[in-house]
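For reference, the structure discussed in these notes is given below.
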Amino acid sequence: LFSKYFIIEKDIYQFIQQQTKNLFVEISKISLPTKKNKQNKNTVNIETISPMELNAGTGEILTITGSGFDSIQNGTQIWFTFADNPYSIFNSNGFKIINWSDTLIRIVVPDKAATGSIYMYRDGVQLAQSPQSLTIRFAVMNIFNNKINLCNKDNAGGITFNMTNDFNNNIDARNRLIESIDFWKCNTLINLKTGDNIDKFSFGDGINTIRWEENNELPDGVLGQTRSSIQSCSNGNIQRETDIVYSRKAKWNFGFQNPQADQIDFKSVILHELGHVHLLGHVNDPDDLMYFGIGNGEYKHNLNTNNLNCSAYIMDYSSKESVCGYQPMIKDNAALSNFDISLSSYPSDGGTTSISGNNHGCSVNLVSAISNKGFSFSNWSENGVIVSTSNNYTFTVMKSRTLIANFVQNTSVHIVKDYGINVYSTNKNAIIENASDWEVRVIDISGRTILKRNLNTDKYEIDIPN
């Protein structure tokens, strides 16, 4: 079977991308012969588009003026720049046309529209292109021009995500996720939270999951993906389930510092995917958090005015309307609350703790731990879970917290060369040479014997307990 391809970016490149599950790379541009249409040649003209700035997916209407529109109405499509891949365009099949006359077309801007020119095509032939570029400030994800509501899905105000154990065990990844959820909550009042961890996942089970990819399921070049199941009913649409999956193949930067030139910033990707959970769509602005891609060495940790306006638009209707039997989402007002932050040391003589910041919701706090003589800092924990391995731990205040700075007692090995015996240390090990038939004792700084052993070899390695 053979197929006809008229538009390289839309037809050929996207077909290749769909079949290979990989983003196409254009080595050099090629041109296909353009079909001539003598009847319509030079008779169709786009003169203006207005307004010049709009939002996508909100029902706003673009007006196109020009001439010769009547003669091409049947079979002609309006094309927009594609937000999911701004290097291509997509057509208006299924889009809502309000008016179509010989000199004027009014069309509802679809949620996938992005900043760029407007085109008219028929049978693969470009008939006209707008002389101006339409600017899309923000995009709200919808379904067939109908809005999707956030709702009180978890009966606790909003949306609860469950991390897989595999994801949760990566402390840095988990911390960046929690920071990112708190960041969205503080800026937009969206009600997001994390719940119990899970072992297994299955799309369609109604559980919102955050996990690493399995069996290389994400195509090369795809860093993260948000998958939503939409439930439709007589009075609207809701997100029934949302799962977020992240690549195992990417060279991630999990830290606070800016990524290296060959790294992908994990927090930037988390913030982007959580934007989709918030129903923000892609935009064609490389500096915007919601741009469809990010490169090595880049980081995007801020929301701009368009992101905030889009979020406010979504939260406004989602916090007022009951849809599909679910109550409206309850705005998270943590930013208006005060919380208790409690610090302690374990053991109590292991070191001291301090805090910089305040207990007001959405403020950023720094807790620090300094070990006493004879001890070393190990980690910060909460409810038995390690939350940081750095003695300086920064977090956003979103709830009351009881943090414990855990210290370990140091052991010491005396380096000697007596009686032909060599004793030396390597981190937490002691190497003893030429000590056959000797008894060895390890004594801590308080004089307590913590290890006693008779040796019967010329070289022995002892693990020194904490």
Is there a side-chain contact between [X] and [Y], using heavy atoms and a 4.5 Å cut-off?
| X | Y | value |
| --- | --- | --- |
| R248 | D166 | yes |
| T76 | W100 | yes |
| Y313 | N55 | no |
| D172 | W252 | no |
| S117 | T81 | no |
| D265 | E298 | no |
| F395 | N175 | no |
| I159 | Q239 | yes |

| Does CD1 belonging to I370 count more than 12 external heavy atoms closer than 6.0 Å? | no
| task | Answer yes or no: are there more than 12 heavy-atom neighbours, outside F144 itself, under 6.0 Å from its atom CZ? | result | no
Nearest non-hydrogen partners of [X] and [Y], listed with the distance:
| X | Y | answer |
| --- | --- | --- |
| N333 | S337 | O-OG, 3.4 Å |
| N237 | S232 | OD1-OG, 2.6 Å |
| A128 | V44 | CB-CG1, 4.0 Å |

| task | Using a strict 4.0 Å threshold on nitrogen-to-oxygen distance, state whether R211 and D243 make a salt bridge. | result | no
| Carboxylate-amine/guanidinium proximity below 4.0 Å for K200 and D205 | no
Measure the spacing between [atom1] of [X] and [atom2] of [Y] and express it to the nearest 0.5 Å.
| X | Y | atom1 | atom2 | result |
| --- | --- | --- | --- | --- |
| L104 | D70 | CG | CG | 11.0 Å |
| F80 | I89 | CZ | CD1 | 11.0 Å |
| I238 | K153 | CD1 | NZ | 6.0 Å |
| E321 | N235 | CD | CG | 9.0 Å |

| field | Verdict with supporting geometry, L134 and I118, side chain to side chain contact (heavy atoms under 4.5 Å, CB included) | value | CA-CA 7 Å; L134 172 66; I118 305 299; 4.1 Å; yes
| Among D288, N187, T188, which one satisfies side-chain hydrogen bond (donor to acceptor under 3.5 Å, both in side chains) with N307? | D288
| field | Partners meeting salt bridge (charged side-chain N to carboxylate O under 4.0 Å, His left out) with D332 (sequence neighbours left out) | value |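 Testing D332 for salt bridge (charged side-chain N to carboxylate O under 4.0 Å, His left out), a comparison that skips the adjacent residues, returns K185.
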Does a donor on one side chain and an acceptor on the other come within less than 3.5 Å for [X] and [Y]?
| X | Y | result |
| --- | --- | --- |
| E47 | T65 | no |
| N306 | R137 | no |
| T135 | T115 | no |
| D262 | N296 | no |
| T396 | D182 | no |
| K147 | N149 | no |
| S50 | T63 | no |

| task | Check the pair V277 / W184 against side chain to side chain contact (heavy atoms under 4.5 Å, CB included), numbers first and verdict last. | result | CA-CA 11 Å; V277 175; W184 274 105; over 6 Å; no
Once you measure the plane-to-plane angle for [X] and [Y], does it fall in the parallel (<30°), tilted (30-60°) or perpendicular (>60°) bin?
| X | Y | result |
| --- | --- | --- |
| Y121 | Y119 | tilted |
| Y246 | W212 | perpendicular |
| Y87 | F292 | perpendicular |

| task | Please determine which of V387, N379, I386, V385 meets the side-chain contact (heavy atoms from CB on, under 4.5 Å) test together with I171. | result | I386
| field | Pi-cation contact, F90 with K112 (under 6.0 Å, within 45°) | value | no
| Which residues pass the side chain to side chain contact (heavy atoms under 4.5 Å, CB included) test with N258, sequence neighbours left out? | Y299
| task | Go through the steps to decide whether I64 and F69 satisfy the test side chain to side chain contact (heavy atoms under 4.5 Å, CB included), and finish with yes or no. | result | CA-CA 10 Å; I64 306 170; F69 297 161; 4.2 Å; yes
Applying disulfide bond (SG atoms under 2.5 Å apart) as the test, list every pair that has at least one member in [range]; sequence neighbours left out.
| range | answer |
| --- | --- |
| residues 121-163 | none |
| residues 169-270 | C186-C362, C233-C324 |
| residues 238-277 | none |

| task | Keeping to residues at least two apart or across chains, list the salt bridge (Lys or Arg N to Asp or Glu O under 4.0 Å) pairs with something in residues 222-240. | result |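 Qualifying pairs: E217-R227.
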| task | Any chance you could lay out the side chain to side chain donor-acceptor pair (under 3.5 Å) test for S368 and N392, step after step, and finish with the verdict? | result | CA-CA 5 Å; S368 300; N392 295 315; 2.8 Å; yes
| said: M120 vs I105, test: side chain to side chain contact (heavy atoms under 4.5 Å, CB included). Steps then yes/no. | reply: CA-CA 11 Å; M120 285 184 176; I105 299 172; 3.2 Å; yes
| Expected output: side-chain D316 to main-chain A312 donor-acceptor under 3.5 Å | no
